[in-house]
Amino acid sequence: MAESALALTELGAVFFALGLLARLAGKIGVSPIPFYLLGGLCFGNGGFFNLGGIDEFSEIASEIGVILLLLLLGLEYTATELVTGLRRSWLAGLVDLVLNFLPGAVAALLLGWGGVGALVLGGVTYISSSGIVAKVLTDLGRLGNRETPVVLSILVFEDLAMAVYLPILTAVLSGVSFLGGLEALGVSLLVLTFVLVVALRYGSVVSAIVDSPDREVVLLKVLGSALLVAGIASELQVSAAVGAFLLGIAISGSTADNAARILEPLRDLFAAMFFVVFGLSTDPTTIPPVLGWAILLAVATTVTKMMTGAWAAGRQGIGRPGRLRAGAALVARGEFSIVIAGLAVAAGAVEGELAALATAYVLLMAVLGPVVARLVGSAPTAPVRA
């Protein structure tokens, strides 16, 4: 078969299979992320069939998937919401960071993966999946519960923490010196501050630049801007994903809502490809040796997330059922844990077993999170009154 014909055939089969997997996930009420990862494991290194005809496309599609994930995350927030959320949740956010970063970091050190491995695996176990959490809260009808603002404020803190963490991780993975890492951190904080100031004062101007009554124009402007900003950010070692996130923050109002609706199908397509590519790069035979560690981390970080949410909700005077629901809502890990592990694997700076452990861990947590949220504290609290 000709090379182009092989690539089109494999790509068509992958997309069709992803559609079937997404439908299956919807039928049983879980995130499709574990199914995408399993699909990649089945058809990658050590799997049943090696898809070698779509390597070039899959790599660039994977990068675009990360950019779109962070762009649409940024579109969900305004600069005002971020600043307000940070003021309200900074202490709970710090507790969340310490309790949930440490298990991964300690496990990496015990496994002999060194400081870089600890930095990577700590990030994997730290951040909750905003996408899965939001879907679970919506499906369970808990968006109006008293504890939900607490959950969302912690997620906001985590997203801002990623804007600082990812540039540091990118710099470390590229092998820069300690001073180089500090420089990357300084640039990241400077850029973050600049974007927040611009978004607070001139957000309407930024939105007007990309706004248009024509959906095609909005799609091309926003996607083009995201890729352009991501490329420049990557060159500055600020992380392409962070650049896209900051651009999303700068776009606000009805323009952000319109852009999000237009880009969501594109994000879902390329994000699915990102998870598949990560699975393709992971040898399934490396998972059994680290499965015990993945289970141990899953149990430990389920407990630490429950503690985080319960403590934060308790500080707001919320009763025990609401505290339990707040903690359970935060349990799920997903897209950003794989983004972190994917950056490390692409840089070739970590052990191959770390990718296997991250894959097994996310497979467990993406399924366990919604299950725990459904089981814990099923009776709703009184809704928030306007």
Colleague: Mind checking the CG-CG spacing from L363 to L41? Nearest 0.5 Å is all I need.
Modeller: 6.5 Å
Colleague: If the condition is side chain to side chain contact (heavy atoms under 4.5 Å, CB included), which residues does A260 pass it with, not counting sequence neighbours?
Modeller: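 Once residues adjacent in sequence are excluded, the partners of A260 under the side chain to side chain contact (heavy atoms under 4.5 Å, CB included) criterion are L75.
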Colleague: Looking at residues at least two apart in the chain, or sitting in another chain, which of them share a side-chain hydrogen bond (donor to acceptor under 3.5 Å, both in side chains) with D159?
Modeller: Y77
Colleague: With side-chain contact (heavy atoms from CB on, under 4.5 Å) as the test, would you mind laying out the steps for I340 and M162 before giving the verdict?
Modeller: CA-CA 10 Å; I340 293 166; M162 284 296 103; 4.0 Å; yes
Colleague: Under a 4.5 Å side-chain heavy-atom rule over Ile, Leu, Val, Met, Phe, Trp and Tyr, are V98 and L109 clustered together?
Modeller: no
Colleague: Can any side-chain N or O of N145 pair as donor or acceptor with the backbone N or O of E147 at less than 3.5 Å?
Modeller: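 Side chain of N145 to backbone of E147: no pair is present.
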Colleague: Could you give the side-chain donor-acceptor pairs of residues 294-321 under 3.5 Å, partners two or more places apart or in another chain?
Modeller:
unit_1	atom_1	unit_2	atom_2	d
T301	OG1	L297	O	2.6
T301	OG1	Y361	OH	2.8
T302	OG1	A298	O	2.6
T304	OG1	N100	OD1	2.5
T304	OG1	A300	O	3.3
T304	OG1	T301	O	3.1
K305	NZ	D96	OD1	2.9
K305	NZ	D96	OD2	3.4
K305	NZ	Y126	O	2.9
K305	NZ	S128	OG	3.0
K305	NZ	E158	OE2	2.5
T308	OG1	N100	ND2	3.4
T308	OG1	T304	O	2.9

Colleague: Which value, rounded to the nearest 0.5 Å, describes the distance between L220 atom CG and D214 atom CG?
Modeller: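 Interatomic distance, L220 CG to D214 CG, rounded to 0.5 Å: 8.5 Å.
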Colleague: Using 0.5 Å steps for rounding, measure from the CZ atom of F274 to the CD atom of E335.
Modeller: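 Those atoms lie 9.5 Å apart.
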Colleague: Give the C-alpha distance, both sets of side-chain angles, the deciding distance and a yes or no for side-chain contact (heavy atoms from CB on, under 4.5 Å) between L68 and L223.
Modeller: CA-CA 8 Å; L68 288 175; L223 180 58; 3.9 Å; yes
Colleague: Assess whether side-chain contact (heavy atoms from CB on, under 4.5 Å) is satisfied between L70 and F336, documenting all intermediate values.
Modeller: CA-CA 9 Å; L70 271 293; F336 297 115; 3.3 Å; yes
Colleague: Between R333 and V331, is there a donor-acceptor pair closer than 3.5 Å when you use the side chain of the first and the backbone of the second?
Modeller: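 Yes; at least one donor-acceptor contact below 3.5 Å.
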Colleague: For the CG atom of L357 and the CH2 atom of W113, what is their distance to the nearest 0.5 Å?
Modeller: 4.5 Å
Colleague: Return the CG to CG distance between L375 and L324, rounded to the nearest 0.5 Å.
Modeller: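 Answer for the CG-CG pair, L375 versus L324, is 12.5 Å.
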Colleague: So, the side chain of T255 versus the backbone of I251: is there a donor-acceptor pair under 3.5 Å, distance only?
Modeller: no
Colleague: Would you please test V217 and V210 for side-chain contact (heavy atoms from CB on, under 4.5 Å) and show each step?
Modeller: CA-CA 8 Å; V217 173; V210 299; over 6 Å; no
Colleague: Quick one: pull up CG in L263 and CG in N258 and give me the separation to the nearest 0.5 Å.
Modeller: 9.5 Å
Colleague: Does T148 reach the main-chain N or O of G144 with its side chain, forming a donor-acceptor pair under 3.5 Å?
Modeller: no
Colleague: Determine the interplanar angle of the F275 and Y36 rings, folded into 0 to 90°, and report it as parallel if under 30°, tilted if 30 to 60°, perpendicular if over 60°.
Modeller: parallel
